[in-house]
Q: 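Below is a structure I'd like to ask you about.
All heavy atoms count here, side chains included; hydrogens, waters and symmetry mates do not. Note that the structure is predicted; figures quoted are calculated from it, not measured.
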Amino acid sequence: MSFLRLLSRNRLALAGLVVMALVVVLALITPLLPLADPDVTNTADRFKRPLGDAGLLGTDHLGRDLLSRLLWGTRLSLAVGVAAALIAATIGAAIGIVAGFYGGRTDNIIMRGVDMLMAFPYILLALAIVAALGPGLLNALIAVAAVNIPFFARNIRGVTVSIAHKEFVDAARLSGMGDVRIIVTEVLPNVIPVIVIAMSTTIGWMILETAGLSFLGLGSQPPQADLGSMLGEARSALITNPHTSVVPGAMILVIVMAINLLGDGVRDALDPRLKSGALSRPMPATLVRRDSVPPQPRTEDEAILALRDLKTEFHVKNRVYKAVGGVDLHVRPGECLGIIGESGSGKSVTALSVMGLVASPPGVITGGAVYFEGQDLIGAPYETLRRLRGNRVAYIFQDPLATLHPLYTVGEQLIEAVRAHHPTSRDEARTHAIDLLKSVRIPNAETRIDSYPHELSGGMRQRVGIAMALANDPEVIIADEPTTALDVTVQAQILSLLDDLRRERGLAIVFITHDFGVVAQLCDRVAVMYAGRIVEEGPTAAILGAPAHPYTARLMACVPELGGGRRELAAIPGLPPVVDNLPQGCAFADRCHKATDACREGEVTLVPKGPDRAVRCIDPEIATEAAQ
Ligand code: ADP
Ligand code: MG
């Protein structure tokens, strides 16, 4: 179980677990041990020292065997503490779930009641409850449970509120489930870890509180021993016979320490954010683990950016996802290269690998090279990458609402982008930012610069994203589906804007998309990606005119043509392979209509086909034409 594995990685928690297990086993087997009767007094043997003739731990002020009293007392204290915790957790969680789930007036009434309970100092409240019910262990248990209910109620309500508005709860409601069923099947499973965490961190506290009440004589009544009453009775002999108080005191210390260490460990192991790795910070650059460096290709000397046999993997637990499995690409100044492929084919990971932006862990670059102006960026020192990122190689992402900071104006963010690489005065940077907004054709740039991201439309925000990418006059822009979230007219405007920019500034653009229409409009060359590899590459017109790889052909058949008359729209059957278990040979074979056994045997290589084209297929669609 992963929970136990996580827990065992925490040494202190493990120590706590071992100690607690020992204590619990001792408490459980106490009735079976050959112990003296804990309640039999023997005044002749009062205050015997430990390790003497009267038992291992000596005797107390009435001559009772301390070892026996300690074990029986521990048993009682643990039972009361755990029972109090269970009761408080159950009632508190129930209150919290009802309040959080129903909200509104129910929530208000319940939580104000809870607030009133919380307003009392809880130890006074516990004393008041015991005073009202009368002294006794059961009443002490009730008091301790009662004063801890508000803590659970508050905690669980908070969690429930956030869950009650999630889509899966709405979906359960739409499917006609009743409230009780929704609470039990949808809400409760999500709340239980929080309940367990709250319990594990408070149980030690509740044992202490019960001991406190017993210490004051309000809990267990003589002659019955629990740890608190043992301490209370030993109090008067604290100086003369310290062992009578040290024995129960040490046990309380050990139990509470062990429970708290264990509780912290349980919390860390159960916290879902820790499991997803959200609290482990990614490294500033992707981890590189490669054996050899492929040389820069001679034929692509004039290319500003060239990828050689790039391999990027994700190492998750003992799985290896080969997201990018050996990609060769290059782009020249002023050229636009399109990368096209289905979702999950590795386009984004390829793009992010260029600047070492794939999150590590779990990402690892395991091979290949990325040459930018002849310099290999894979494994380059972080400082080198930092100087290039956003300065000479800039990115545009799909969703500008997610990449722009919501609490700063777009102007402030543009100024920050400029000043990150070119330390200029704020005024200069602001003038530059206004120019940038103008260059991406944002009307009234002087006033728009003080807008917040939410005040702009999607198209405007994406223009800001482009302006930010242009801020430092980069040589290369990598655009990862920048128009996918936009409607067609805005998309057309953004595309023509990018086209103009690259012609004016000689920008090299790597444009990632899954849309052949966009490729046709903007790109000079296109690379088709499938399962982490390039399956076909060449000039856009040539590929759109006569696709060579069956995958490209079928992808294009999926695109409806306006005014192209009625024709059947083909969907590609099946799904792309999962990249942690790629098939032998051609990854597309299982979905290909002309696959033969030969396709599934050996590695299929990318072979040149005609001028400037290459295809990774042993039986390409245009075998004859390409041979001309
Ligand atoms: P796309 O072509 O849609 O941009 P991506 O490059 O985002 O595809 O993803 C490529 C592959 O890498 C996918 O199969 C995806 O499941 C896998 N992948 C991406 N990020 C991670 C990650 N953090 N952990 C494991 N696998 C990942
Ligand atoms: Mg993507």
Side-chain angles (χ1 to χ4, degrees), residues 282 284-286 305 307 312 314 323-324 329 331 336-360 363 370 377 385-386 388-410 412-414 416-418 420-421 433 436-437 439-440 442 451-454 456-487 490-495 497-499 501-502 507-515 518-519 522-523 529:
T286 314
L305 185 73
L307 278 60
T312 306
F314 291 97
V324 179
L329 286 174
V331 58
C336 178
L337 168 75
I339 303 181
I340 191 164
E342 275 171 289
S343 172
S345 51
K347 309 181 296 291
S348 298
V349 177
T350 306
L352 292 174
S353 302
V354 170
M355 280 285 129
L357 290 172
V358 178
S360 278
V370 171
L377 296 183
L385 288 177
R386 200 185 67 77
L388 293 176
R389 283 177 184 174
N391 187 17
R392 312 202 47 201
V393 179
Y395 284 85
I396 306 171
F397 293 104
Q398 176 175 340
D399 181 6
L401 196 56
T403 42
L404 290 174
H405 195 299
L407 298 182
Y408 290 99
T409 62
V410 295
E412 282 165 336
Q413 301 185 53
L414 277 169
E416 189 184 27
V418 174
H421 292 287
L436 284 170
L437 290 183
S439 72
V440 293
I442 288 188
S451 308
Y452 288 92
H454 69 266
L456 302 174
S457 68
M460 284 292 173
R461 278 198 292 267
Q462 194 53 290
R463 282 166 203 259
V464 173
I466 296 174
M468 206 176 262
L470 294 173
N472 295 299
D473 245 328
E475 275 92 350
V476 179
I477 283 192
I478 299 177
D480 191 350
E481 313 210 22
T483 57
T484 305
L486 305 175
D487 61 70
V490 181
Q491 170 172 318
Q493 291 168 4
I494 299 274
L495 290 181
L497 170 67
L498 279 173
D499 205 37
L501 286 172
R502 97 174 143 112
L507 269 172
I509 298 183
V510 178
F511 196 96
I512 296 173
T513 178
H514 55 248
D515 186 342
V518 171
V519 168
L522 187 65
C523 301
M529 239 182 135

Q: If you measure from CG on Leu385 to CG on Asn391, what distance do you get to the nearest 0.5 Å?
A: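 Those atoms lie 12.5 Å apart.
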Q: Between Lys347 (side chain only) and Gly341 (backbone N and O only), is there a donor and an acceptor less than 3.5 Å apart?
A: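 Indeed, once roles are kept as given, a pair shorter than 3.5 Å links the two residues.
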Q: With Thr483, which residues qualify under side-chain hydrogen bond (donor to acceptor under 3.5 Å, both in side chains), at least two apart?
A: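 Here no residue qualifies.
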Q: Is there side-chain contact between Leu501 and Ile466, with heavy atoms separated by less than 4.5 Å?
A: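 Counting from C-beta outward, Leu501 and Ile466 do come under 4.5 Å.
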Q: Can you see which heavy atom on Ala471 is nearest to which on Leu436, and at what distance?
A: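 That would be CA-CD1, 3.5 Å.
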Q: Looking at Leu414 and Ala467, what are the two nearest heavy atoms and their distance?
A: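 Closest approach of Leu414 to Ala467: CD2-C, 3.9 Å.
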Q: Looking at CD1 of Ile509 and CG of Asp499, how far apart are the two atoms once the value is rounded to the nearest 0.5 Å?
A: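 Reported value, rounded in 0.5 Å steps: 7.5 Å.
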Q: Val518 and side-chain contact (heavy atoms from CB on, under 4.5 Å): which single residue from Ile512, Ile340, Thr513 fits?
A: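 When side-chain contact (heavy atoms from CB on, under 4.5 Å) is applied between Val518 and each of Ile512, Ile340, Thr513, only Thr513 qualifies.
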Q: Mind checking what makes side-chain hydrogen bond (donor to acceptor under 3.5 Å, both in side chains) contact with Arg463, not counting sequence neighbours?
A: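 With sequence neighbours excluded, Arg463 shows a side-chain hydrogen bond (donor to acceptor under 3.5 Å, both in side chains) to Gln493, given in chain and number order.
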Q: Quick check: does any side chain N or O of Gln462 sit under 3.5 Å from a backbone N or O of Ser457, one acting as donor and the other as acceptor?
A: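 Not a single qualifying donor-acceptor pair exists.
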Q: Supply the atom-to-atom distance Leu522 CG to Ile494 CD1, rounded to the nearest 0.5 angstrom.
A: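 It is 11.5 Å, given to the nearest 0.5 Å.
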Q: Could you give me the CA-CA distance, side-chain angles and deciding distance for Leu497 and Val440, then say whether side-chain contact (heavy atoms from CB on, under 4.5 Å) is met?
A: CA-CA 7 Å; Leu497 170 67; Val440 293; 3.8 Å; yes
Q: Looking at Asn472 and Gly390, what are the two nearest heavy atoms and their distance?
A: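 Scanning both residues completely, I find the closest heavy atoms to be ND2-O, 3.1 Å.
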Q: Parallel, tilted or perpendicular: which one describes the rings of Tyr452 and His454, with boundaries at 30° and 60°?
A: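 Plane angle under 30°, so parallel.
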Q: Which heavy atom of Leu470 sits nearest to which heavy atom of Ser439, and what is that distance?
A: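 Shortest heavy-atom separation between Leu470 and Ser439 comes out as CD1-OG, 4.4 Å.
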Q: Which atoms form the tightest heavy-atom contact between Leu377 and Val354, and what is the distance?
A: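 Minimum heavy-atom separation between Leu377 and Val354: CD1-O, 3.7 Å.
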Q: Quick check: does any side chain N or O of Glu481 sit under 3.5 Å from a backbone N or O of Phe511, one acting as donor and the other as acceptor?
A: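 Absent.
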Q: Check this for me: Glu416, atom CD, are more than 12 non-hydrogen atoms of other residues, nucleotides or ligands nearer than 6.0 Å?
A: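 Open.
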Q: Can a donor-acceptor pair be found, under 3.5 Å and without considering hydrogens, that links the side chain of Thr286 to the backbone of Val358?
A: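 Yes; at least one donor-acceptor contact below 3.5 Å.
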Q: Heavy atoms, side chains only, cut-off 4.5 Å: are Leu305 and Val370 in contact?
A: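 When only atoms from C-beta onward are counted, Val370 and Leu305 do touch, with a gap below 4.5 Å.
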Q: Side chain of His421, backbone of Arg389: donor and acceptor closer than 3.5 Å?
A: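 Confirmed, His421 side chain pairs with Arg389 backbone.
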Q: Would you name the heavy atoms of Phe314 and Ala323 that are closest together and state the gap between them?
A: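 The pair with the smallest heavy-atom distance is CE1-CB, 3.5 Å.
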Q: Report yes if the side chains of Leu404 and Met468 come closer than 4.5 Å at any heavy-atom pair, otherwise no.
A: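 Result yes, sub-4.5 Å side-chain heavy-atom pair found.
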Q: Between the main-chain N or O of Glu475 and the side-chain N or O of Arg392, is there a donor-acceptor pair closer than 3.5 Å?
A: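 Absent.
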Q: Kindly say whether Thr484 contributes a backbone atom to a donor-acceptor pair with the side chain of Asp515 at under 3.5 angstrom?
A: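 It does not hold such a pair.
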Q: What's the separation between atom CD in Gln413 and atom NE2 in His405, rounded to the nearest 0.5 Å?
A: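 Result: 7.0 Å between the selected atoms.
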Q: Once rounded to the nearest 0.5 Å, what's the spacing between atom CD1 of Ile478 and atom OH of Tyr395?
A: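 Between atom CD1 of Ile478 and atom OH of Tyr395 there are 4.0 Å.
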Q: Please round to the nearest 0.5 Å and tell me the distance separating atom CD1 of Ile477 and atom CG of Leu498.
A: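 Here the interatomic distance stands at 7.0 Å.
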